[in-house]
Amino acid sequence: MSNYQVNNTNINALISWIEQGIVAIPEIQRPFVWKPSKVRDLLDSLYNDYPVGYIITWQNPDARLKDGTISHGKKILIDGQQRVTAIMAAIAGKEVVTKEYRKRRIKIAFNPIEEIFEVQNPAILKDKRWIADISEVFKQGFDTFGFINKYCQQNPEISNNKLNEILQRLTSVRYSSIGIIELAHTLDIEVVTEIFIRINSAGVNLSQADFAMSKVSVNDTYRGPLIRKTIDYFCHLIKNPSIYENILQNDKEFAQSANFNKIKWLKDYNTNIYEPSYSDLLRVAFTFKFLRGKLSNLVSLLSGRDFETREYREEIIEESFEKLHEGVLKFVSETNFKRFIMILKSAGVINSKMVRSQNALNFAYALFLLLREKNVNDALINQIVRKWLVGSLLIERYSGSPESMFDYDIKRFDVHKNPIEYVEKMEAGELSDAYWDNIMPANLNTSVSSSPYFNLYVMSQIYDKDNAFLSKSITVQQLIEERGDVHHVFPKKYLQSSGYNNKSHYNQIANYAYTEQIVNLAIKAKSPKEYMTILKAQINGDYMKIGEIDNWGDLQVNLKMNCIPQSIFELESDDYEHFLEARRRLIVGKIRNYYNRL
């Protein structure tokens with residue numbers, strides 16, 4: 001059997017197939033994203049009989065029902081939705097939903113005299129040469145004869161016969177040819193993805209989550225559109241609560257559902273710590289509920305695949321949709337989500353920039369949901385999730401082959417009666433003394449400020465409520481919340497004047513510290529020895545020149561908080577490399593102590 005078939009049809013037939021349900025347009029995660037000018041250009045191409053590319057459909061497998069009969073799968077439109085939606089909007093006058101979830105018409109105007117298309121605007125509405133909305137011409141019962149007479153009276157430069165000829169050409173757009181690539185249901189998801197990437201002229205990478213969402217969206221039997229909308233609206237509301245009213249007004253059916261009640265709490269909620277995309281939500285719900293890590297498996301299960309017999313059965317489809325729906329509702333639960341955010345905060349995570357690994361966050365939430373479902377003690381859940389998140393960041397556990405690791409870890413957390421044992425097993429294997437003594441210091445030898453290791457150090461400072469470098473009352477957390485910047489313990493200008501002109505030298509993360517701006521301005525380009533001498537003088541009663549620290553005890557505590565070696569009082573440019581080595585060891589010690597106390 002061939003992997004695919006290539007056929008030609010016309011716009012009219014394609015729209016008819018969609019209306020009859022032969023080809024299903026999935027209500028995918030994003031609203032209509034084309035600009036109106038792109039709709040205009042598409043109509044112009046169709047009018048001039050230019051090729052408009054292929055659309056790609058994927059055949060749903062025929063599933064065996066419980067009574068032994070066969071349910072024939074419909075074809076899913078996986079590429080070309082925007083083009084088909086544009087055609088239906090312009091020709092059939094259908095409304096589209098914008099990124100803000102507002103419904104609007106895209107009205108394309110046509111000038112028969114010049115045979116050009118344009119997006120309707122106020123000037124066109126006043127100009128009698130324009131057909132302000134071409135959808136009027138395509139309506140059943142359109143009075144072509146009456147329209148031609150009226151138009152030609154107002155525009156005598158065009159004859160009745162010529163206008164009739166042009167209108168016939170315009171309406172024949174419905175019969176323009178369009179290519180269809182039909183992918184066989186037997187193809188693995190990885191092959192489908194590769195075909196899509198190679199065919200798609202825009203180079204858009206359709207992920208396995210997109211395919212999963214397509215499968216979800218078109219299955220009316222098992223509440224697929226309801227599940228899709230729950231995922232979609234949650235992920236948009238978490239980032240932009242203001243669209244709540246638009247959803248309420250433009251999707252009244254969903255607004256009356258129990259699922260909407262479960263996510264409407266987001267309208268009054270703001271967080272920038274964890275803002276999941278639809279892909280993240282699908283992955284978490286699937287991982288914890290199905291105890292699997294590969295989204296391609298979700299696509300197969302939603303199609304009804306029996307992995308043992310390789311047959312497709314309706315009961316597997318039903319069970320898979322039910323489990324996915326349960327997983328989605330657990331994810332979007334106000335109680336669950338807010339508790340997870342509190343766990344992140346309790347580990348020192350106060351914004352999304354602090355955890356660059358979305359995979360680590362996703363698995364941490366999947367683990368949280370799994371442990372809750374297994375009725376693990378709440379306090380133990382908090383401890384396990386915190387430690388696992390930080391531990392996975394330390395060893396970059398989900399950076400290589402995340403799906404395989406998700407699959408491996410979730411299965412083992414499921415079978416361990418005492419899940420803390422699996423955390424301890426990971427610690428023994430991955431976080432030994434060799435890691436802390438050798439690997440971690442080497443990882444800190446970098447100039448990348450977004451390094452997960454520097455972020456872990458900052459998380460440890462937030463966890464310990466540390467003050468900023470040379471500050472008496474301002475904490476690191478307060479500086480981050482007010483968008484304060486990191487500065488250099490050895491000032492950049494001082495190092496540059498001493499011959500350190502390479503960014504990778506003076507921007508070492510072991511040279512970074514969160515510092516108040518007024519402290520940084522007071523230090524300027526002084527060597528550590530020079531500005532610490534000034535600080536010692538103010539402790540001894542001299543004028544306050546650098547910050548507010550005025551006693552030796554506070555200074556010693558501050559230096560320890562910020563992992564500054566005691567040698568700071570004598571350090572100059574020749575000592576810079578030794579300082580970096582010493583501070584890296586102190587940072588490692590602080591992170592290790594922080595991890596052990598989680």
Side-chain angles (χ1 to χ4, degrees), residues 1-11 13-30 51-64 70-87 177-222 224-225 228 278-279 282 286 294-307 309-314 316-317 320-321 324 403:
M1 181 178 177
S2 174
N3 287 341
Y4 64 93
Q5 294 180 349
V6 180
N7 297 305
N8 281 318
T9 187
N10 59 53
I11 300 296
L14 178 62
I15 292 175
S16 174
W17 292 342
I18 291 168
E19 290 174 345
Q20 294 175 46
I22 298 171
V23 173
I25 299 182
E27 291 188 85
I28 59 171
Q29 66 287 351
R30 64 179 190 274
V52 293
Y54 286 89
I55 65 171
I56 305 176
T57 64
W58 188 14
Q59 176 73 48
N60 254 338
D62 297 339
R64 186 174 299 278
I70 299 296
S71 169
H72 298 290
K74 62 178 69 174
K75 297 173 184 177
I76 301 173
L77 183 62
I78 63 171
D79 182 40
Q81 181 183 347
Q82 298 289 304
R83 272 170 290 168
V84 173
T85 303
I87 290 166
S177 179
I178 188 166
I180 299 181
I181 298 172
E182 300 179 21
L183 304 180
H185 78 269
T186 53
L187 292 178
D188 290 336
I189 182 69
E190 290 81 5
V191 177
V192 175
T193 305
E194 182 64 23
I195 290 173
F196 177 88
I197 293 169
R198 294 191 182 205
I199 291 176
N200 193 285
S201 59
V204 178
N205 190 352
L206 206 65
S207 70
Q208 292 180 6
D210 290 316
F211 290 117
M213 286 289 274
S214 295
K215 292 284 188 182
V216 170
S217 300
V218 301
N219 195 309
D220 297 310
T221 305
Y222 301 118
R228 197 281 306 171
Y278 71 92
S279 178
L282 265 180
F286 174 64
K294 296 182 179 180
L295 275 181
S296 59
N297 288 343
L298 175 60
V299 176
S300 297
L301 288 165
L302 294 175
S303 301
R305 185 179 184 184
D306 185 321
F307 287 104
T309 66
R310 297 187 179 181
E311 291 182 337
Y312 290 86
R313 296 188 287 115
E314 189 72 19
I316 294 178
I317 300 177
S320 299
F321 269 88
L324 179 62
E403 287 196 329

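Heads up: numbering here begins at 1 and tracks the sequence. Source: prediction; values computed, not measured.
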*Asks:* Answer whether the closest heavy-atom distance between the side chains of Q82 and T85 falls below 4.5 Å.
*Replies:*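 Answer no - side chains too far apart.
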*Asks:* Please report the interatomic distance OG(S303) to OH(Y312), rounded to the nearest 0.5 Å.
*Replies:*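 Answer for the OG-OH pair, S303 versus Y312, is 6.0 Å.
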*Asks:* What heavy-atom pair brings P225 and S217 nearest, and what distance separates the two atoms?
*Replies:*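 Taking P225 first and S217 second, the nearest heavy atoms are CG-O, 3.4 Å.
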*Asks:* With rounding to the nearest 0.5 angstrom, report the CG to CZ distance, L324 to R228.
*Replies:*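 With rounding to 0.5 Å, CG (L324) is 13.5 Å from CZ (R228).
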*Asks:* Within the 4.5 Å heavy-atom criterion, are L14 and V84 side-chain neighbours or not?
*Replies:*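 Of all side-chain heavy-atom pairs linking V84 with L14, at least one is under 4.5 Å.
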*Asks:* Under 4.5 Å between any side-chain heavy atoms of I180 and W17, yes or no?
*Replies:*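 Touching, per the 4.5 Å side-chain cut-off.
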*Asks:* Could you grab the distance from atom CG of L302 to atom OH of Y222, nearest 0.5 Å is fine?
*Replies:*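 OH of Y222 is found 12.0 Å from CG of L302.
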*Asks:* If you define the side chain from C-beta out and look only at heavy atoms, does anything of L301 sit under 4.5 Å from F307?
*Replies:*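 Heavy-atom side-chain distance check passes, below 4.5 Å.
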*Asks:* Please list, chain by chain and in numerical order, all residues satisfying side chain to side chain donor-acceptor pair (under 3.5 Å) with E403, sequence neighbours excluded.
*Replies:*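 If we apply the side chain to side chain donor-acceptor pair (under 3.5 Å) test to E403, skipping adjacent residues, the hits are R283.
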*Asks:* Check whether any side-chain heavy atom of W58 lies under 4.5 Å from a side-chain heavy atom of E182, and answer yes or no.
*Replies:*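 No. Closest side-chain heavy atoms not under 4.5 Å.
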*Asks:* Using 0.5 Å steps for rounding, measure from the CG atom of N297 to the OG atom of S320.
*Replies:*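 N297 CG to S320 OG: 10.5 Å, rounded to 0.5 Å.
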*Asks:* Report the distance from atom NZ of K215 to atom CD1 of I317, rounding to the nearest 0.5 Å.
*Replies:*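 The distance works out to 8.5 Å.
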*Asks:* Got a sec, which residues hit side chain to side chain contact (heavy atoms under 4.5 Å, CB included) with D306, two or more places apart in sequence or on another chain?
*Replies:*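 Side chain to side chain contact (heavy atoms under 4.5 Å, CB included) check on D306 returns E308, T309, R313, I316.
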*Asks:* Looking at side-chain heavy atoms only, is the closest gap between T9 and I178 below 4.5 Å?
*Replies:*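 When only atoms from C-beta onward are counted, I178 and T9 do touch, with a gap below 4.5 Å.
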*Asks:* Rounded to the nearest 0.5 Å, how far does CG of L295 lie from OG of S300?
*Replies:*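 Here the interatomic distance stands at 11.0 Å.
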*Asks:* Can you list everything that forms a side chain to side chain donor-acceptor pair (under 3.5 Å) with N10? Sequence neighbours excluded, please.
*Replies:*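 For N10 there are no side chain to side chain donor-acceptor pair (under 3.5 Å) partners, ignoring immediate neighbours.
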*Asks:* Give the minimum heavy-atom separation between K294 and F286, together with the two atoms involved.
*Replies:*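 Nearest heavy atoms, K294 then F286: O-CE2, 3.1 Å.
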*Asks:* Below 4.5 Å, heavy atoms only, C-beta onward: do I181 and L183 meet side chain to side chain?
*Replies:*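 In short, these two side chains touch, coming nearer than 4.5 Å.
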